[in-house]
Amino acid sequence: MSDTVTPAQAEEKPLNFLEEIIEASIAKGETRVHTRFPPEPNGYLHIGHAKSICLNFGLAKKYNGKCNLRFDDTNPVKEETEYVDSIMDDIRWLGFRWDGLFYASDYFDTLYLWAEELVKKGKAYVDDQTQEQIRQGRGTVTSPGANSPFRDRSVDENLNLLRRMKAGEFADGEKVLRAKIDMTHPNMLLRDPIMYRILHAEHHRTGDKWCIYPMYDYAHGESDSIEKITHSICTLEFDIHRPLYDWFINELEIFPSHQYEFARLNLTYTVMSKRRLLQLVQQGLVEGWDDPRMPTICGLRRRGYTPESVRAFAERVGVAKRDNIIDLGLLEYCVREDLNRTAQRRMAVLDPIKVTITNWPEGNKEAIRCVNNPEDPEAGTREVAMTRQVYIDRDDFMEDPPKKYFRLSPGGEVRLRYSYIIKCDEVVKDASGKVVELRCSYDPASGGGGSSDGRKVKGIIHWVSAENAATAQVRLYDRLFTQEDMGSLDEGKDYLDYLNPDSLRTVTAYIEPALAEAEPGQRFQFERLGYFFVDPKESSEGKPVFNRTVTLKDSWAKIAAK
RNA sequence: UGACCCAUGGUGUAAUGGUAACACAGCAGAUUUUGGUUCUGUCGUUCCAGGUUCGAGUCCUGGUGGGUCAACCA
């Protein structure tokens with residue numbers, strides 16, 4: 001991260017509730033800040049994780065603290081090294097570097113020792129009940145649970161059984177280790193939660209060393225404590241886990257990490273749950289986890305989002321404890337804001353109509369100078385060729401234009417961007433009535449912004465020379481779903497019922513010749529159309545494939561829609 | 001018929017007992033060789049009822065509404 005926040009700037013910005021908590025503890029003399037980002041390596045990170053990453057790493061940076069990356073790998077049947085790698089890759093791409101890299105599985109030995117300790121204190125016991133019996137015994141949210149018949153086993157018996165569980169003497173599901181708390185507690189999590197289950201499964205890091213694995217609630221707080229995490233930040237749905245988090249730390253008398261919860265990110269027109277994203281991939285509804293329509297970090301990346309824009313977004317959405325749904329428009333605003341400053345402009349025609357300039361001498365070619373980025377003089381200029389035949393976009397011509405349409409129409413005039421004013425003299429159609437060519441004349445005195453008689457034209461349209469244009473595949477992406485709040489669907493409808501059939505349109509576009517040499521990973525603004533990213537996965541030497549990151553704001557579209 | 005969390009413009013986020021503000025979105029205008037950018041203006045907000053207080057978005061009580069919890073997932 002290059003942007004350093006000066007103390008003065010930091011002072012002007014209001015604090016979020018986590019910063020307030022931290023500053024309150026600093027005021028009391030506890031100055032150390034150590035956070036952690038703790039993903040389970042069972043899938044790809046999405047924009048919601050990006051918020052959490054920016055929060056955890058951002059807080060550490062702001063208060064001169066540290067932030068660890070810790071993989072919460074306590075469930076071997078769901079976790080894979082592939083995900084570990086992609087998660088590290090995404091965090092680095094976002095621009096963050098972890099201070100410590102750990103795995104919950106690093107702590108399996110310690111965790112087990114602590115489990116024996118709790119058994120010895122009479123705070124944990126081995127339960128022989130089946131999964132079904134345990135479920136029954138737990139009661140419901142409105143009725144208390146009942147004690148297990150195995151709850152009062154002696155310490156010696158529990159210890160013996162636990163060691164035999166660890167030694168592999170029992171089959172999966174035959175026994176569990178439970179904390180002995182209170183089967184009537186109003187908080188379901190405290191009704192003798194399971195600490196260990198038997199799982200004869202290969203772990204991606206510890207292999208077959210273990211056949212018992214700790215549950216999240218038993219492992220998480222202790223892992224924080226081992227790493228001396230001061231602020232363990234997680235999402236709201238874990239708030240009812242906090243008493244249990246504290247219970248284990250208190251009983252074990254280990255370093256008191258504390259948990260704080262914030263509201264997770266929701267986006268309009270977007271699903272975020274791992275289950276649904278996985279289903280989109282598995283059913284082939286998208287092309288993979290990094291499909292540019294996916295809200296995954298790797299998807300945004302392939303869409304052409306910049307790390308800066310994602311960080312700016314995370315900053316702007318804020319942090320609080322109430323449920324929220326952020327307008328997708330804010331994310332788009334953030335990337336436009338960034339790309340407007342940095343992306344060079346080029347011209348491309350997505351849906352061409354051929355224009356013949358009848359008074360332009362056959363074979364004549366004129367070099368036209370174009371500004372690369374009006375926001376950045378250092379970006380310089382380039383030349384494109386003006387010729388007798390050019391392509392313009394179909395959207396820029398209407399045979400029967402409505403009021404306020406100031407693009408090209410029969411008898412009307414428009415300026416070709418950076419070039420001459422042309423007038424439409426004749427419309428050529430094919431047998432089906434489709435416009436196939438416009439025959440126009442140009443004003444030779446209109447180069448450089450003027451005109452023969454000082455008249456101004458309102459419309460300026462982009463174009464490419466038909467005689468030396470290159471072509472490229474361009475993918476026009478749109479939102480994946482049609483429903484604004486995908487969290488509240490109509491009665492009896494599934495989220496897949498709201499898939500946007502037009503979320504991807506692929507076209508072959510005419511592009512400036514120079515654009516054919518575009519390098520994978522480069523970003524451009526196609527003038528008047530949007531920002532485009534050269535897909536690193538699909539492009540090859542001299543054959544770029546462009547992904548539309550986002551359209552430009554289009555105030556004409558609003559007028560036209562009305 | 002439980003426990004816990006939450007409630008401020010359309011969407012977010014501030015205001016820390018003392019003039020309800022900022023951003024995005026919307027609308028209107030100016031500038032503009034991108035209907036882009038930029039600039040200006042504008043619309044619009046404290047869930048309800050009581051209470052405490054000189055004064056309540058903020059504190060208290062009670063409602064209402066939303067969320068979370070009954071995996072050997074995290």
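Since the structure is predicted, the reported quantities are computational estimates derived from the model, not experimental observations. Every chain is numbered from 1 and lettered A, B, ... according to where its sequence line falls, protein lines coming before strand lines. Atom set for the values below is all heavy atoms of this structure, side chains included, hydrogens, waters and symmetry mates excluded.
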Show me the donor-acceptor pairs within less than 3.5 Å that the side chains of residues 325-335 of chain A make with the rest of the protein, sequence neighbours left out.
| residue | atom | partner | partner atom | Å |
| --- | --- | --- | --- | --- |
| A/Asp327 | OD1 | A/Gly329 | N | 2.8 |

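With rounding to whole Å, A/Arg242 atom CZ is found 13 Å from B/rA3 atom C1'. Distance CG (A/Leu55) to P (B/rU13): 12 Å, rounded to an integer number of Å. Atom CD1 in A/Ile326 sits roughly 16 Å away from atom P in B/rA23 (whole-Å rounding). Atom CG of A/Asp485 and atom C1' of B/rG12 are 14 Å apart (whole Å). Between the CG atom of A/Leu328 and the C1' atom of B/rG10 there is a distance of 16 Å, rounded to whole Å. Between A/Ile325 atom CD1 and B/rA7 atom C1' there is a gap of 17 Å when expressed in whole angstrom units. Taking atom CZ on A/Phe313 and atom C1' on B/rG12, their separation rounds to 10 Å, with Å as the unit. Counting to the nearest Å, the C1' atom of B/rG12 and the CG atom of A/Leu331 are 14 Å from each other.
Nucleotides B/rA28 and B/rU61 have their C1' atoms positioned 47 Å apart, rounded to a whole Å. B/rA49 and B/rG12 have their P atoms separated by 24 Å, with the value rounded to a whole Å. The separation of B/rA25 from B/rU11, taken at their C1' atoms, amounts to 7 Å, rounded to a whole angstrom. Using atom P as the reference point in both B/rG67 and B/rC72, the two lie 24 Å apart (nearest Å). On the C1' atoms, B/rU46 is 32 Å away from B/rG29, given to the nearest whole Å. As rounded to the nearest Å, B/rU8 and B/rA71 have P atoms that lie 32 Å from one another. Taking atom C1' in both B/rA74 and B/rU52, one finds a spacing of 45 Å when rounded to whole Å. Nucleotides B/rG10 and B/rG26 are separated by 16 Å at their P atoms, to the nearest Å.
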Quiz item: Using Watson-Crick and G-U wobble pairs whose two distances are both under 3.5 Å, how do you write the pairing of RNA chain B as dot-bracket, with | for links to another strand?
Solution: .((((((..((((....[..)))).(((((.......)))))....(((((..]....))))))))))).....
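When heavy atoms are screened at a 4.0 angstrom cut-off, A/Val371 is found touching no nucleic acid atom at all. Within 4.0 Å (heavy atoms only), A/Arg322 reaches at least one base atom of the nucleic acid.
Ion pairing of A/Arg205 with A/Asp106 is present here, as a side-chain N (NZ or NE/NH1/NH2) and a carboxylate O approach within less than 4.0 Å. Ion pair A/Asp239/A/Lys321 not flagged as a salt bridge, since none of the NZ, NE, NH1 or NH2 atoms sits closer than 4.0 Å to an Asp/Glu carboxylate oxygen. Salt bridge A/Lys13/A/Glu315: present, at least one basic N to carboxylate O contact under 4.0 Å. The residues A/Glu237 and A/Arg264 are annotated as salt-bridged, a charged nitrogen and a carboxylate oxygen being separated by less than 4.0 angstrom. Ion pairing between a basic and an acidic side chain is recognised when a charged N comes within 4.0 Å of a carboxylate O; A/Arg528 and A/Asp395 show no such pairing.
Every salt bridge (Lys or Arg N to Asp or Glu O under 4.0 Å) that A/Arg70 has, sequence neighbours left out, goes to A/Asp224, A/Glu227. Residues passing the side chain to side chain donor-acceptor pair (under 3.5 Å) test with A/Tyr305, sequence neighbours excluded: none. For A/Tyr196, the ring-ring contact (aromatic ring centres under 6.0 Å, His included) partners are A/Tyr218, not counting sequence neighbours. Scored by the side chain to side chain donor-acceptor pair (under 3.5 Å) test, A/Thr342 finds no partners at all (sequence neighbours excluded). Residues satisfying the salt bridge (Lys or Arg N to Asp or Glu O under 4.0 Å) test with A/Arg322, not counting sequence neighbours, are none. A search for side chain to side chain donor-acceptor pair (under 3.5 Å) contacts involving A/Ser225 returns nothing, not counting sequence neighbours.
The salt bridge (Lys or Arg N to Asp or Glu O under 4.0 Å) analysis of residues 183-193 of chain A, with sequence neighbours excluded, yields the pairs A/Arg151-A/Asp192.
In textbook terms, a nucleotide whose glycosidic angle is within 90° of 0 is syn, and B/rA71 is one such case.
Using the six-membered ring where Trp is involved, A/Phe524 and A/Phe546 have ring planes that are perpendicular, over 60° apart on the 30 and 60° scheme.
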Practice problem: If a protein heavy atom is under 4.0 Å from the base, mark B; if only from the sugar-phosphate, S; if neither, -; do that for nucleotides 63-74 of chain B going 5' to 3'. | Solution: ----SSBBSBBB
Quiz item: How would nucleotides 31-47 of chain B be written as a contact map, 5' to 3', with B for base contact, S for sugar-phosphate-only contact and - for no contact, using protein heavy atoms under 4.0 Å?
Solution: --BBBBS----------
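The closest donor-acceptor contact from the side chain of A/Asp393 to the backbone of A/Leu350 lies under 3.5 Å.
Interface residues of residues 257-276 of chain A facing RNA chain B, ordered by number: none; criterion, heavy-atom separation under 4.0 Å.
Phosphate proximity of B/rC22 to A/Lys13: absent, as no side-chain N or O sits under 4.0 Å from OP1 or OP2.
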